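This report concerns only the one structure given below.
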There are 2 protein chains.
Amino acid sequence: MRDRRISESTIHRLSHYYRALTALEREHFDTVSSKELANREELTPAQVRKDLSFFGSFGTRGLGYPVKELKERIARILGIDRFWNVALIGVGNIGSALVSYKEFARQGFNIKLLFDNDQRKIGSNHKGITVLGMDDLERQLNENKIELVILAVPASSAQVIVDHVVNCGIKAILNFAPIKLAVPDDVFLRTENMSMELEYLSFSLVNNLPRKSDRKKT
Amino acid sequence: MRDRRISESTIHRLSHYYRALTALEREHFDTVSSKELANREELTPAQVRKDLSFFGSFGTRGLGYPVKELKERIARILGIDRFWNVALIGVGNIGSALVSYKEFARQGFNIKLLFDNDQRKIGSNHKGITVLGMDDLERQLNENKIELVILAVPASSAQVIVDHVVNCGIKAILNFAPIKLAVPDDVFLRTENMSMELEYLSFSLVNNLPRKSDRKKT
DNA sequence: CTATTTTCGTGAAACGTTTCACAACTTGTA
DNA sequence: TACAAGTTGTGAAACGTTTCACGAAAATAG
């Protein structure tokens, strides 16, 4: 074992492989070559092999990779071979869309609790979940063993709320507010900035950037 | 300055600079140093300078960069110094959230048209926009001079619909379906995969991945 | 059984990006 | 004017990622 650090891009590509393998399984393929896997996600065979070899070799020379085993293995690496209890804070436009977003549930992310600090929303019901007030946050997160929090609040209140969430002991946060949030070093924070990709498109249009691929790097 | 190709990461960082500069302008700063700009978006001063120098030098040695000019310049580079006519296809959970997403409008992306192929949704109203049927797509896109399409349809129908959109002459598409779409080389396509960041978080939690700031050498 | 084909796994090479380090320039002070 | 402090712009070095190329292994055909 040489350099034991895994890059962000590799992890993101694992998500792609997982997606492709799910399709391959549905199509009843037993094995898949690095070439086929690469084609499906617009990568190169060498990159697929490098990525997968990072976690040990489970391909068979002359044949390829076993679809089912590889899929399970990647699920385990990504931590989606289990269920995650998720709380969602902010039941506005984005928030209420995310409650119903089936892809999350499909990957094992179960939104168990909803929070908002708008009195008019507290007590209301979304997909069978009752919206709670923020004062109850810590007790509810603990009692429901929440490990992951999705933040869909306005940028203006995001930092205050993320501080509160961090104080409750949460170690992983997905932020949808278009703002840079500060968290302690032991908390994992990822920010989903939906305008950024639109800006990338407008940049491409005005600069006539020749296309390389559809994939994101960071 | 020899290599004339701009990297995807640089473009994404421009979005970050733009965001920071918007805040700095609001805080009435006239100039900003690469150091300050870097701090605000958790980058390094050298990287900020390299990125900005790529588009010509507009900083002043000893002083920094002029906030207002730099912001305008980046807006021009990103193509957000103007308005874009946008159509949104698929008025489901995600789609209807995006109609109300203020950040888009703030950056000049005006959602002008809504489409869906569900008879029950056609004719309904979202934020003052009437949902149209898909058979009217080409005429409506042309008449309204739509340059950019956001796709918020189920993965199962995404490819068919993107083909239709491409046939209408659209050259830039933002896809929210968690699937790899095929488009001709002259069409810009970006895919927003919201599960991917959740998967990254679950990976981080199960692998206790040290954050970048932890690995920085002192 | 042997030859041919397929495909993996991986060190090395190529390529790309970030950081370093410093000359050059601007501002401010006296 | 002279000098100190601050900051850019940029080659060069360091670092990181992707691609190449090929040996090894397995499958397949004859």
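What you see is a predicted model, and the numbers here were worked out from it, not measured in a lab. To find a chain, count down the sequence lines: A is the first, B the second, and so on, and within it residues start at 1.
- Sorted by first then second residue, the ring pair (Phe, Tyr, Trp, His ring centres under 6.0 Å) pairs that include residues 87-106 of chain A, not counting sequence neighbours, are A/Tyr101-A/Phe104.
- Residue A/Pro45 is the one, among A/Pro45 and B/Ala46, whose nearest nucleotide of DNA chain C lies closer to the 5' end (criterion: closest heavy atom).
- For A/Asn93, the side-chain contact (heavy atoms from CB on, under 4.5 Å) test picks out B/Ala97, B/Ser100, with sequence neighbours left out.
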Dot-bracket line, read 5' to 3' along DNA chain D, where crossing pairs take [ ] and | marks a partner on another strand, Watson-Crick or G-U under 3.5 Å
||||||||||||||||||||||||||||||

Give every donor-acceptor pair under 3.5 Å between a side-chain atom in residues 54-71 of chain A and any protein atom, sequence neighbours left out.
from: A/Lys68; atom 1: NZ; to: A/Glu72; atom 2: OE2; distance (Å): 3.4
from: A/Lys71; atom 1: NZ; to: A/Glu25; atom 2: OE1; distance (Å): 2.9

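- Within residues 21-28 of chain A, no residue approaches DNA chain D, by heavy-atom distance under 4.0 Å.
- Computed from coordinates, the A/Asp51 CG to D/dT19 P distance equals 10 Å when rounded to whole Å.
- Here D/dT19 is the nucleotide among D/dT19, C/dT7, D/dG9 with the atom lying nearest to any side-chain atom of A/Thr44.
- The CD1 atom of B/Ile6 sits 11 Å away from the P atom of C/dT18 (whole-angstrom rounding).
- Remark: the backbone N or O of B/Asp51 is not paired with any side-chain donor or acceptor of B/Thr10 at under 3.5 angstrom.
- Between the CZ atom of A/Phe58 and the P atom of C/dT7 there is a distance of 18 Å, given to the nearest Å.
- The nearest whole Å value for the distance from the CG atom in B/Leu43 to the C1' atom in C/dT19 is 13 Å.
- Across A/Ile77 and B/Asn207, no two heavy atoms sit closer than the pair O-ND2, 3.2 Å.
- Per the geometry, CD1 belonging to B/Ile11 stands 15 Å off P belonging to C/dG16, to the nearest Å.
- Among the heavy atoms of the strands lying under 4.0 Å from A/Lys50 is at least one base atom, whether or not backbone atoms are also near.
- Residue pairs meeting the side-chain hydrogen bond (donor to acceptor under 3.5 Å, both in side chains) criterion with at least one member in residues 152-166 of chain B, sequence neighbours excluded, are B/Gln159-B/Asp163.
- Under 4.0 angstrom from either OP1 or OP2 of D/dT18 there lies at least one side-chain N or O belonging to A/Arg13.
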B/S/- along nucleotides 23-30 of chain C (protein heavy atoms under 4.0 Å) is -BBB----

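- For A/Asn85, the side-chain hydrogen bond (donor to acceptor under 3.5 Å, both in side chains) partners are A/Lys112, not counting sequence neighbours.
- Scanning for ring-ring contact (aromatic ring centres under 6.0 Å, His included) contacts around A/Tyr200 gives B/His12, with sequence neighbours left out.
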Stepwise side chain to side chain contact (heavy atoms under 4.5 Å, CB included) check, B/Leu37 with B/Leu24:
CA-CA 9 Å; B/Leu37 207 43; B/Leu24 284 160; 4.0 Å; yes

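- For B/Asp30, there are no side-chain contact (heavy atoms from CB on, under 4.5 Å) partners at least two apart in sequence or on another chain.
- The listed nucleotides are C/dC8, D/dT10, C/dT19; the one nearest the side chain of A/Ser34 is C/dC8.
- For B/Asn144, the side-chain hydrogen bond (donor to acceptor under 3.5 Å, both in side chains) criterion is met by B/Gln140, not counting sequence neighbours.
- Among the heavy atoms of the strands, none lies under 4.0 Å from B/Thr10.
- Within the structure, a side-chain polar atom (N or O) of A/Tyr65 is placed less than 4.0 Å from OP1 or OP2 of C/dG9.
- In this structure, the CZ atom of A/Arg49 is 13 Å from the C1' atom of D/dA24, given to the nearest Å.
- As a whole-Å value, the separation of A/Phe54 CZ from D/dT17 C1' is 12 Å.
- Taking atom CG of B/Leu52 as the reference point, atom C1' of C/dT19 lies 16 Å away to the nearest angstrom.
- Partners of B/Phe203 under the ring-ring contact (aromatic ring centres under 6.0 Å, His included) rule, at least two apart in sequence or in another chain, do not exist in this structure.
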